[in-house]
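Have a look at the structure below, then the notes.
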Amino acid sequence: MKTPTFITSAFIALCCALLGACSTPLSSPTVGGGGTVRYGDAKATETVTNEFGSTDLQLIAEKMTRSLLESQVTANRPFVTLSAVRNKTSEYIDTKNIMNSIQTALLRSGRVRFTRSIDEMQPGVDELQRQNQSGLYKKSSAAKTGNMQGARYSLEGEITSIVKQNSSVKDVFYKFTLKLYDVEEGTVEWQEEEEIRKTSKR
Amino acid sequence: MKRITPTLLLSLLMALCMTPTAWAQKEAANDGDDVAKHLQWRGKSKPIRVDDLLVQRRNDLLVVQATVSNTAGGDHTLYWRIRWLDKSGMQVGTGDTWRPLLILGRQTQLLRGTAPMPSASDFVIELHLEGAKP
């Protein structure tokens, strides 16, 4: 009979195609010849050196954010503003970057609203002045002055480190502390710490 | 001699194409279904064992705590993170960071995570034991 033979041949061809698909590597949608540059997982644990790194920043931001969201302070979607984070370590650390990650995560949660921080105030004032004093804008569409929201809380932080080393081992201990102050009353309404220990052989 | 049916052959081919990670998930299911359905091991899990999971809602956020034990005498580094899911199975947030955790020999540690937003209603704990084989 011809039909079963045809089906068997077709099936064998399909199997060969499937096997071929499993074994032959496909070319990647990349540009570049040498293959020395690779994109990695931005959330992977970075252990290149024991200086402050991306994983430390992410761990701190996650811990602070989740802890703040768990507390009852955020129950009524309060207005919060960012203040300075003091860097008391011996390294240069972009502390604004840590606060930006915390702010992003808090805003994504929908549980907190932010007002402009002191650093971000001048561009806001400039834009209000442009709309109200340049004479270029319709009065009906210009943003009014005097309507900014005042923050009820202020986030302030500090990062410190203790470094110890001998001939064979270097130990770095980071401690990040974040406090939420009630602006009007001056009280601390929430506080959290993250401790990170990194040890490397020299 | 028995003829190899097309279905059997296709099954064999699909098994050949499966990744090592997919096999590892099946191994983890032996730990106890309630716990295992929330775990995703990359490679072998021994000698680390997840004993139990606690799940609560605090301030409308899902909070998860897992107890992990090192059943061997040597120290091990465990990398873990929680993938948060909404009720339709979609990922919530951009994904947590892999967290390193040193577990000393015969030690028990706690893994604790809080969801980034209230829409998270389910979770999977991804675990990777340093140096584990597929």
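We name chains A, B, ... by the order of the sequence lines, and we start the count at 1 in each one. Here the structure is a predicted model, which means the values were calculated and not measured.
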query: Which bit of B/Ser119 comes within less than 4.5 Å of chain A, counting heavy atoms only: side chain, backbone, both or neither?
result: neither

query: Which bit of B/Val63 comes within less than 4.5 Å of chain A, counting heavy atoms only: side chain, backbone, both or neither?
result: side chain

Please tell me if the side chains of [X] and [Y] come closer than 4.5 Å, counting only heavy atoms from C-beta onward.
X: B/Arg99; Y: A/Thr55; answer: no
X: B/Asp96; Y: A/Arg66; answer: yes
X: A/Asp41; Y: B/Trp98; answer: yes
X: A/Leu69; Y: B/Met117; answer: no

message: If you compare all heavy atoms of A/Ser109 against all heavy atoms of B/Pro118, which two are closest, and at what distance to 0.1 Å?
response: O-CD, 3.9 Å

Are there over 12 heavy-atom neighbours, none belonging to [X], within less than 6.0 Å of that residue's [atom1]?
X: A/Lys96; atom1: NZ; result: yes
X: A/Glu184; atom1: CD; result: no
X: A/Asn76; atom1: CG; result: no
X: B/Lys87; atom1: NZ; result: no
X: B/Leu104; atom1: CG; result: yes

Quick check on [X] against chain B: is it the side chain, the backbone, both or neither that has a heavy atom closer than 4.5 Å?
X: A/Ser71; result: backbone
X: A/Thr45; result: both
X: A/Arg111; result: side chain

query: Salt bridge check: are A/Glu62 and B/Arg112 linked by an N-O gap of less than 4.0 Å?
result: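 No, no charged N to carboxylate O under 4.0 Å.
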
query: Could you give the distance from OG1 (B/Thr97) to NZ (A/Lys43), rounded to the nearest 0.5 Å?
result: 5.0 Å

